[in-house]
Structures are given as C-alpha cells and as structure tokens.
*Asks:* 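Pasting a structure here, questions to come.
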Amino acid sequence: MSAKILSGKEIAQAIKDDVAAEVGKIGFRPGLAVVRVGEDPASAVYVGSKVRTTEELGMYSEHLHFADDVTQQELLGVVSSLNSRDDIDGILVQLPLPKHIDEREILEAILPEKDVDGFHPMNVGRLSQGQKALVPCTPAGVIEILKRSGIDIAGKHAVIVGRSNIVGKPMAMLLLQENATVTICHSRTVDLPSITRQADILVAAIGRAGFIRGEHIREDAVVIDVGINNVSDVSLAPELFSEEDLPKRLAAIEKRGFTLVGDVNPKEAMEKAGAFTPVPGGVGLLTVAMLMKNTVEAAKMRRGI
Ligand code: GUN
C-alpha cells in the first residue's frame, strides 16, 4: 500500500487567494515588518519568501536586516519603533537569533496585537485558554491541511513528537481545541514507538532528518512531517528514499550539495501510513500562507474590523 500524499501546494494557494481577496476588500494595505539578524542561509531563504509573498498578495512589507553584532538595545529599539508605527500591522523577528541576544526579551517586546508569529506569552496564554489569539503559523497550517483534506480530528488520538514553543506545544493546544486526544512525546520519552504507534494522527517536529521510521507508525495513520533538514550524505539516501525518488534526490545532492528531508523517513512512511505530507511541498508551504493570514487578521483586529 502507498500513502496518500497530502500536498501543501493547493491548500497554501487557496489560503493565499483568500488573503489577497480580503486585502482587496478592506481598503488599506496591511504592513508586515520582518527583522533578520546575521547571515544564516536558511533564515535568508525563509525571510525572502515571506517578504515576496506579502508583496504578491498586495500588502506592504519591510525587511530589516542587521549584522551579527547588533546589540540587544539596538534590537529592542527597532521593535519599539515598529510597535509605534501605524503602517505596520505585523512584526516578525526571524529565529534563531545570535547567542548574545536574549531572544525571550525581544519576543516579549513585540506588541501582542502585532505578534503575527504568535510567540508572545499573551498570545500563548490566550491560545491555551481557547480565546481569540494570533496563533503560531506552522501548527495553524497543520490544522488547515488536516481540515482541508477532509481528515476528522475530533476524538482521534494525536501524538506529537517534539515540545518546542514554535511547533510542539502550540500544536498540542490547537489539536486539543479540535477535540483530539493529545499526547506529547519528547527526547526523554521512554519507548517512543509504543506511543507513536497509538497515533491516528502523528505529528513529527523534532528537527532530526528521517527520525520517525516505519516502526513508529501505525498502519494507515495520518503522518504530518513538520521537519525541514538538509541531507548531504549520499550514503544515507537509499535508506530514506524510494527507488522511484532516489535518482532525483541524488541529483539534488550532486547539484546543490543537499536535499531536503523532514523528520520522517519518507520511504517507510509511504509504505506504512494512510496519508503523508511530503518534504518539500507539505507543511512548509503552509507556514508562509498562515503568516499572510495572520497579518491580515492582525490588521483587522487592530482597527476593530
Ligand atoms: N524560525 C523557524 N521557524 C520560524 C517561525 O515560524 N517564525 C520565526 N520568527 N522564526 C522561525
């Protein structure tokens, strides 16, 4: 049996179409400021895509880029100035930040009503209490994939592997809100496969390439792969990719030096799962789409629309 592929492409496009239509209707241009520090190549790619998509959907975007040696005070000043600007509805500080920066203090300085990442404790608290909140984009995107693919969540056992503030914890809150029974596993979980094999819906957000194997997956489970990892070691490829996929992946490693792999072994998931989100082309595409949705949402809320 081969799993049904849950492509993020059409779903992300449908969400972006909705956002563009909404932007056309509201009669002003929502603005998103993205703050990036240093030269992390992955961050540069993600921020580029966020800024480009904002403009494509008819919104205003500003990309503020700082050198690695920017100070805590300088960054706090930047956030404070963006907080007070009326043309900026959303503020996103791309993570990770350099080691000398206190990330928590920066994120807490963002006005909760402009916090389009949903990382501010005020939004985290609101989400956990089931109040209206700006919700982290990646887990919100996972819910969209499930709903728009016609997968029932209520009453299902959802198992999340990973307990980060960006994905694992908010994912648990959102699935709970959809009336799933939720289990969170992490690096100290004993006998992980025995728990993940109970999952109707398995969400992998650990940050380790191909970590979730066939033995972790119940026959016909829905497997959502949130990971994005670079694999550059050619010798790992035959274990990760099907015979059909392998030549394309090897060619990518040859040409670019790496290929993208999630936290799930795609070859084994395709054999075992009932449905599976691919990497690339799955959850990742939803993250940007949900950021666009949050930006319009923040703009409307701030203006009482
Ligand atoms: N770095 C990796 N994922 C994210 C995200 O969703 N938001 C921000 N701000 N930084 C990230």
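Source: prediction; values computed, not measured. Just so you know, these numbers use all the heavy atoms, side chains as well, and skip hydrogens, waters and symmetry mates.
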*Asks:* Does the D152 side chain pair with the main chain of A154, one donor and one acceptor, at a distance under 3.5 Å?
*Replies:*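 Between the backbone of A154 and the side chain of D152 there is no qualifying donor-acceptor contact (under 3.5 Å).
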*Asks:* Any heavy-atom pair between the side chains of I145 and V283 that's under 4.5 Å?
*Replies:*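 They are in side-chain contact.
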*Asks:* Give the minimum heavy-atom separation between V264 and A269, together with the two atoms involved.
*Replies:*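 In this case the closest contact between V264 and A269 is CG1-CB, 3.6 Å.
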*Asks:* Would you call I212 and I217 a side-chain contact if the rule is heavy atoms closer than 4.5 Å?
*Replies:* yes
*Asks:* Working to the nearest 0.5 Å, report the span between CG of D68 and NZ of K99.
*Replies:*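 So the gap between those two atoms works out to 10.5 Å.
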*Asks:* Closest approach of N123 and A133, non-hydrogen atoms and distance?
*Replies:*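 Result for this residue pair: O-CB, 3.7 Å.
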*Asks:* Go through the side-chain N and O atoms of R36 and S43 and say whether any donor and acceptor fall under 3.5 Å apart.
*Replies:* no
*Asks:* L250 and V261: same hydrophobic cluster, using ILVMFWY side-chain contacts below 4.5 Å?
*Replies:*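 Linked, L250 and V261 end up in one cluster.
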*Asks:* Decide yes or no on salt bridge (Lys or Arg N to Asp or Glu O under 4.0 Å) for E22 and K300, but give the supporting numbers first.
*Replies:* CA-CA 10 Å; E22 190 75 26; K300 286 166 65 183; 2.7 Å; yes
*Asks:* Indicate yes or no for a side-chain donor-acceptor contact from S164 to the backbone of V167 under 3.5 Å, with no hydrogens or angles considered.
*Replies:*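 Side chain of S164 to backbone of V167: a pair is present.
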*Asks:* Are D89 and R302 ion-paired here, with the side-chain N under 4.0 Å from a carboxylate O?
*Replies:*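 Between R302 and D89 there is a salt bridge, with a charged N closer than 4.0 Å to a carboxylate O.
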*Asks:* Is there side-chain contact between V288 and L285, with at least one heavy-atom pair below 4.5 Å?
*Replies:* no
*Asks:* Under a 3.5 Å distance rule, please check whether H120 uses its side chain to pair with a backbone N or O of E108 as donor and acceptor.
*Replies:* yes
*Asks:* Would V161 and V203 show up in the same hydrophobic cluster when neighbours are defined by side-chain heavy atoms closer than 4.5 Å?
*Replies:*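 No; V203 is not reachable from V161 via cluster members.
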*Asks:* Would you kindly confirm whether I151 and V182 end up in one hydrophobic cluster when ILVMFWY residues are joined by side chain heavy atoms under 4.5 Å apart?
*Replies:*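 Yes; V182 is reachable from I151 via cluster members.
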*Asks:* Using a 3.5 Å distance criterion without hydrogens, assess whether the side chain of N229 forms a donor-acceptor pair with backbone atoms of G262.
*Replies:*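 At least one qualifying donor-acceptor pair exists.
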*Asks:* Could you tell me whether R218 atom CZ has more than 12 heavy atoms of other residues or ligands within 6.0 Å of it?
*Replies:*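 Result for CZ/R218: enclosed.
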*Asks:* Give the minimum heavy-atom separation between S84 and K114, together with the two atoms involved.
*Replies:*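 So the two residues come closest at N-NZ, 4.4 Å.
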*Asks:* Starting from L286, can I reach I166 by hopping between I/L/V/M/F/W/Y residues whose side chains sit under 4.5 Å apart?
*Replies:*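 Hydrophobic grouping puts I166 with L286.
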*Asks:* State, with a plain yes or no, whether a side-chain heavy atom of P170 is found less than 4.5 Å away from one of V124.
*Replies:* no
*Asks:* Between K267 and E271, does any side-chain N to carboxylate O distance fall below 4.0 Å?
*Replies:*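 No salt bridge links K267 with E271.
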*Asks:* Atom CE of M173 and atom OG of S128: how far apart are they, to the nearest 0.5 Å?
*Replies:*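 So the CE of M173 and the OG of S128 are separated by 5.0 Å.
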*Asks:* I'd like to know if the side chain of R197 reaches the main chain of E215, judged simply by a donor and an acceptor atom lying under 3.5 Å from each other, with no hydrogens or angles considered.
*Replies:*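 Answer holds: yes.
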*Asks:* Using a 4.5 Å cut-off on heavy atoms from C-beta on, say whether the side chain of I91 contacts that of N83.
*Replies:* yes
*Asks:* Quick one: NZ on K156 to CG on N179, what's the gap to the nearest 0.5 Å?
*Replies:*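 K156 atom NZ to N179 atom CG measures 12.5 Å (nearest 0.5 Å).
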*Asks:* Okay, side chain of S7, backbone of K9: is any donor-acceptor separation there less than 3.5 Å?
*Replies:* yes
*Asks:* Around atom NZ of K293, are there more than 12 heavy atoms of other residues, nucleotides or ligands at under 6.0 Å?
*Replies:* no
*Asks:* Rounded to the nearest 0.5 Å, what separation is found between the CD1 atom of I11 and the CG atom of L6?
*Replies:*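 With rounding to 0.5 Å, CD1 (I11) is 7.0 Å from CG (L6).
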*Asks:* Hey, does F66 have a side-chain heavy atom less than 4.5 Å from the side chain of T71?
*Replies:*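 A side-chain contact under 4.5 Å is absent here.
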*Asks:* Can you see which heavy atom on E243 is nearest to which on P247, and at what distance?
*Replies:* O-CD, 3.2 Å
*Asks:* Dump the intermediate steps for side chain to side chain contact (heavy atoms under 4.5 Å, CB included) on C185 and T183, then the final yes or no.
*Replies:* CA-CA 7 Å; C185 303; T183 301; 4.2 Å; yes
*Asks:* Got a salt bridge between R249 and E254, using NZ or NE/NH1/NH2 to carboxylate O under 4.0 Å?
*Replies:*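 No, this pair does not count.
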*Asks:* Would the distance check show the side chain of N230 and the main-chain N or O of L260 forming a donor-acceptor pair, the cut-off being under 3.5 Å?
*Replies:*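 Judged by distance alone, no pair lies under 3.5 Å.
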*Asks:* Quick one: does any side-chain atom of H100 pair with a main-chain N or O of V70 as donor and acceptor, under 3.5 Å?
*Replies:*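 A pair under 3.5 Å: yes.
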*Asks:* Would you kindly confirm whether L240 and V279 end up in one hydrophobic cluster when ILVMFWY residues are joined by side chain heavy atoms under 4.5 Å apart?
*Replies:*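 In one cluster: no.
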*Asks:* Run through V296, T54, N294 and flag the one making a side chain to side chain contact (heavy atoms under 4.5 Å, CB included) with V19.
*Replies:* V296
*Asks:* Do K272 and R213 make a side-chain contact, defined as non-hydrogen atoms from C-beta onward lying under 4.5 Å apart?
*Replies:* no
*Asks:* Rounded to the nearest 0.5 Å, what's the gap from CG on L174 to CD1 on I160? Could you check?
*Replies:*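 It is 9.0 Å, given to the nearest 0.5 Å.
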*Asks:* Using modelled atom types only, decide if a donor and an acceptor are shared between the side chain of D200 and the backbone of H157 within a distance under 3.5 Å.
*Replies:* yes
*Asks:* Closer than 3.5 angstrom, by distance alone: can the side chain of T277 be matched with the main-chain N or O of G282 as a donor-acceptor pair?
*Replies:*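 Absent.
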*Asks:* Output, in order, the C-alpha distance, side-chain angles, deciding distance and verdict of side chain to side chain contact (heavy atoms under 4.5 Å, CB included) for I228 and Y46.
*Replies:* CA-CA 12 Å; I228 301 177; Y46 297 146; 3.7 Å; yes
*Asks:* Assess whether side chain to side chain contact (heavy atoms under 4.5 Å, CB included) is satisfied between K16 and L57, documenting all intermediate values.
*Replies:* CA-CA 7 Å; K16 288 191 283 185; L57 302 188; 4.0 Å; yes
*Asks:* Does the pair L82 and L64 meet the rule for a side chain to side chain contact (heavy atoms under 4.5 Å, CB included), with working shown?
*Replies:* CA-CA 11 Å; L82 293 169; L64 299 100; 4.3 Å; yes
*Asks:* Do R85 and D87 meet the salt-bridge criterion of a basic N to acidic O distance under 4.0 Å?
*Replies:*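 Result for this pair is yes, salt bridge flagged.
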*Asks:* Less than 4.5 Å apart, any side-chain heavy atom of L192 and any of H216?
*Replies:*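 L192 reaches H216 side chain to side chain.
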*Asks:* State whether the number of non-hydrogen atoms from other residues, nucleotides or ligands found under 6.0 Å of Q131 atom CD is greater than 12.
*Replies:* yes
*Asks:* Supply the atom-to-atom distance I201 CD1 to E178 CD, rounded to the nearest 0.5 angstrom.
*Replies:* 10.0 Å
*Asks:* Would you please test K132 and E297 for salt bridge (Lys or Arg N to Asp or Glu O under 4.0 Å) and show each step?
*Replies:* CA-CA 11 Å; K132 193 168 173 53; E297 203 58 33; 3.3 Å; yes
*Asks:* Please say whether more than 12 non-hydrogen atoms of neighbouring residues, nucleotides or ligands are located less than 6.0 Å from CD in E55.
*Replies:* yes
*Asks:* Between T53 and E56, do the side chains contain a donor N or O and an acceptor N or O under 3.5 Å apart?
*Replies:* no
